[in-house]
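Here it is, the structure, as structure tokens.
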Amino acid sequence: MQLIYGLIIALMIVGIIGAVVPGIPGTSLILIGIIIWGFIKGSFASISLPLIVTGVVLLLSMGIDFFAAYWGAKKAGASKWGQIGAMVGLAVAFFGLLPPFLVVGGPLIGILVAPLLGAIIGELIYRRDLLIAIKAGLGIVVGSLIGNIIQGFLAFAAVLVFVFTTWSQVFVTGLTQSPPF
């Protein structure tokens with residue numbers, strides 16, 4: 001049982017990393033780990049709190065994605081064209097439609113560079129000023145990175161709730177032990 005629990009925690013750690021790094025599944029991996037644990041234990045009653053917390057974190061993460069990019073765009077003075085360009089760039093990167101020279105660094109670089117290029121192109125189409133376009137593009141990317149960091153903290157909190165509520169189900173040796181932190 002401890003090995004399975006450790007593997008689920010490892011999956012959740014990948015989920016925390018994915019919440020911060022674009023292009024890797026994040027909070028959804030944590031939710032999958034909790035659901036797997038529920039099936040293994042044969043009861044979802046013991047994991048109801050982590051399940052609810054992770055569901056809320058998943059919903060918050062989706063909102064943070066959009067709000068952080070919007071906030072960064074507004075702070076940098078980006079227009080709707082820059083925001084649309086960034087979203088198109090992200091979609092192009094996500095679906096692997098980038099030119100080969102951008103993919104050389106791996107999908108991570110493409111997912112970071114494509115929204116920047118999309119925002120710059122969108123702003124150039126709208127305003128025809130390269131400096132404003134670059135500033136707007138950087139604002140969108142910085143906002144997105146801040147959002148990813150916030151998502152990482154939320155994902156970490158969800159994993160902590162899971163560990164604190166399930167630790168005793170795995171590591172009980174007569175007396176109830178608390179988690180090792």
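Computed from a predicted model, the values in this text were never measured in an experiment.
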query = Linking Ile, Leu, Val, Met, Phe, Trp and Tyr by side-chain heavy atoms under 4.5 Å, what else ends up with Ile121?
reply =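 Ile121 clusters with Trp81, Ile125, Tyr126.
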inquiry  = Quick one, Gln151 and Leu60 - any side-chain contact, counting heavy atoms below 4.5 Å?
reply    =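 No, side chains not in contact.
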Gap separating the CD1 atom of Ile35 from the CD1 atom of Ile30, nearest 0.5 angstrom =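 Nearest 0.5 Å value for the CD1-CD1 distance: 12.0 Å.
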task = Test side-chain contact (heavy atoms from CB on, under 4.5 Å) on Thr27 and Leu154 and set out the steps.
result = CA-CA 9 Å; Thr27 310; Leu154 289 172; over 6 Å; no
request  = Report the residues that fulfil side-chain contact (heavy atoms from CB on, under 4.5 Å) with Val142, sequence neighbours left out, ordered by chain and then residue number.
outcome  =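 Partners of Val142 by the side-chain contact (heavy atoms from CB on, under 4.5 Å) criterion, ordered by chain and then number, come out as Ile146.
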ask   = Under 4.5 Å between side-chain heavy atoms, hopping through other hydrophobics if needed: is there a path connecting Ile120 to Leu131?
value =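 Result: no, two separate clusters.
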query = Which heavy atom of Ile8 sits nearest a heavy atom of Gly33, and at what distance?
reply =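 Looking at all heavy atoms of both residues, the closest pair is CG2-O, 3.6 Å.
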task = Could you pull out the closest heavy-atom pair between Ile40 and Ile4, with the gap in Å?
result =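 Closest pair (atom of Ile40, atom of Ile4, distance): CD1-CG2, 3.2 Å.
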message = Going by side chain to side chain donor-acceptor pair (under 3.5 Å), name the pairs with one or both residues in residues 129-143, residues two or more places apart or in two chains.
response =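 Applying side chain to side chain donor-acceptor pair (under 3.5 Å) to every pair that reaches into residues 129-143, excluding sequence neighbours, yields nothing.
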ask   = Using a side-chain heavy atom cutoff under 4.5 Å and only I, L, V, M, F, W and Y, what cluster partners does Ile149 have?
value =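 Phe153, all in the cluster of Ile149.
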ask   = Under a single-linkage rule joining Ile, Leu, Val, Met, Phe, Trp and Tyr whose side-chain heavy atoms are separated by less than 4.5 Å, which residues share a cluster with Leu7?
value =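 Members besides Leu7, by chain and number: Leu3.
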query = Is Leu138 linked to Ile132 within one hydrophobic cluster, defined over Ile, Leu, Val, Met, Phe, Trp and Tyr using a side-chain heavy-atom separation of less than 4.5 Å?
reply =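 Cluster IDs for Leu138 and Ile132 differ.
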task = Of all the heavy-atom pairs spanning Ala158 and Thr54, show the shortest one and how long it is.
result =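 For Ala158 versus Thr54, the nearest heavy atoms are CB-OG1, 3.7 Å.
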Audit row: Val159, Ile13, side-chain contact (heavy atoms from CB on, under 4.5 Å) steps and yes/no = CA-CA 8 Å; Val159 171; Ile13 290 170; 5.7 Å; no
Nearest heavy-atom neighbours spanning Gly137 and Ala119 =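 Closest approach of Gly137 to Ala119: CA-CB, 3.6 Å.
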request  = Would you please name every residue forming a side-chain contact (heavy atoms from CB on, under 4.5 Å) with Tyr5, sequence neighbours left out?
outcome  =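 With neighbours one apart ignored, the set is Ile9, Trp37, Phe162, Val163, Thr166, Trp167, Val170, Phe171.
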request  = Calculate, to the nearest 0.5 Å, the distance between atoms CE and CD1 belonging to Met12 and Ile32 respectively.
outcome  =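 It is 10.5 Å, given to the nearest 0.5 Å.
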Taking every non-hydrogen atom, the tightest pair across Pro50 and Val161 =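 The pair with the smallest heavy-atom distance is CA-CG1, 3.9 Å.
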